[in-house]
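One structure is given below, encoded as structure tokens.
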Amino acid sequence: QVELVESGGGLVQSGGSLRLSCDASGRTSSIYAMGWFRQAPGKEREFLAAFSWTGGSTYYADSVNGRFNVSRDGARDTVRLQMNSMNTQDTDRYFCVATRWAVNSLAVVTTDHYDYWGQGTQVTVRA
């Protein structure tokens, strides 16, 4: 079992930046990749970014490519999401995810591909 705990959410002005962190614990040796989704009330979860622990490949949704950056904190079981040039449409609850399975550009965007989910952290962008 793997536990994911997000941190770093909060309130930010439009045009500003915020950095989220996700700490993984438990059987982290089983993790193949970690990433981030977000969800607004009444909407489906939206893939944002993922980082493959094998090879270091990264994947981004078109909506955040060039603004958001996903990375792993060295040898730690922590993944970060640096969010820049934020706008009000980025207001959502952000979830950290992890999978035990190999990822590719098709699988990485689907919620079913991920075995573990964090509780989420709220991000609010004020105009």
Set out, in order, the CA-CA distance, both residues' side-chain angles and the distance that settles side-chain contact (heavy atoms from CB on, under 4.5 Å) for Cys96 and Trp36, then state yes or no.
CA-CA 5 Å; Cys96 178; Trp36 295 89; 4.0 Å; yes

Scan for salt bridge (Lys or Arg N to Asp or Glu O under 4.0 Å) pairs involving residues 45-72, sequence neighbours excluded, and state none if there are none.
Arg38-Glu46, Arg67-Asp90, Arg72-Asp77

For atom CD of Gln119, decide whether the heavy atoms of other residues, nucleotides or ligands shown that lie under 6.0 angstrom number more than 12.
no

Would one find more than 12 heavy atoms of other residues, nucleotides or ligands at under 6.0 Å from atom CD of Gln89?
no

For [X] and [Y], work out which heavy atoms get closest and say how close.
X: Ala40; Y: Asp92; value: CB-OD1, 2.8 Å
X: Val70; Y: Tyr60; value: N-OH, 2.8 Å
X: Leu18; Y: Gly8; value: CG-O, 3.6 Å
X: Leu4; Y: Ala98; value: CD1-N, 3.7 Å
X: Ser17; Y: Ser85; value: OG-N, 4.4 Å

Under 3.5 Å: donor-acceptor pair, side chain of [X], backbone of [Y]:
X: Thr91; Y: Val125; value: yes
X: Asn87; Y: Ser14; value: no
X: Thr110; Y: Ala107; value: yes

Quick check: do Arg126 and Leu11 have side-chain heavy atoms less than 4.5 Å from each other?
yes

For Val2 and Ser30, what are the C-alpha separation, side-chain angles and deciding distance, and is it a side-chain contact (heavy atoms from CB on, under 4.5 Å)?
CA-CA 9 Å; Val2 173; Ser30 66; 4.0 Å; yes

Looking just at side-chain N and O atoms, do Gln39 and Arg93 make a donor-acceptor pair shorter than 3.5 Å?
no

Aromatic plane relationship, Trp117 with Phe95 - under 30° parallel, 30 to 60° tilted, over 60° perpendicular
perpendicular

Does the plane of the ring in Phe68 sit parallel, tilted or perpendicular to the ring in Tyr94? Use 30° and 60° as the thresholds.
tilted

Transitive ILVMFWY side-chain link Ile31 to Tyr114, under 4.5 Å
no

Is it possible for you to say whether Val108 and Leu20 belong to one hydrophobic cluster, with membership spreading through side-chain heavy-atom contacts below 4.5 Å?
no

Sequence neighbours left out, cut at 3.5 Å: what donor-acceptor pairs do the side chains of residues 48-59 make with other protein atoms?
residue, atom, partner, partner atom, Å
Ser52, OG, Thr54, N, 3.3
Ser52, OG, Thr54, O, 2.9

Drop me the distance from [X]'s [atom1] to [Y]'s [atom2], to the nearest 0.5 angstrom.
X: Glu3; Y: Tyr116; atom1: CD; atom2: OH; value: 12.0 Å
X: Asp115; Y: Gln1; atom1: CG; atom2: CD; value: 9.0 Å
X: Asn69; Y: Leu81; atom1: CG; atom2: CG; value: 8.0 Å

Candidate pair Gln82 and Arg19, rule side chain to side chain donor-acceptor pair (under 3.5 Å), full reasoning
CA-CA 4 Å; Gln82 177 68 41; Arg19 188 175 73 170; 4.6 Å; no

Identify the residue among Thr28, Val79, Thr99, Val97 that makes a side-chain contact (heavy atoms from CB on, under 4.5 Å) with Met34.
Val79

Could you give me the CA-CA distance, side-chain angles and deciding distance for Met83 and Val123, then say whether side-chain contact (heavy atoms from CB on, under 4.5 Å) is met?
CA-CA 11 Å; Met83 304 183 290; Val123 171; 4.1 Å; yes

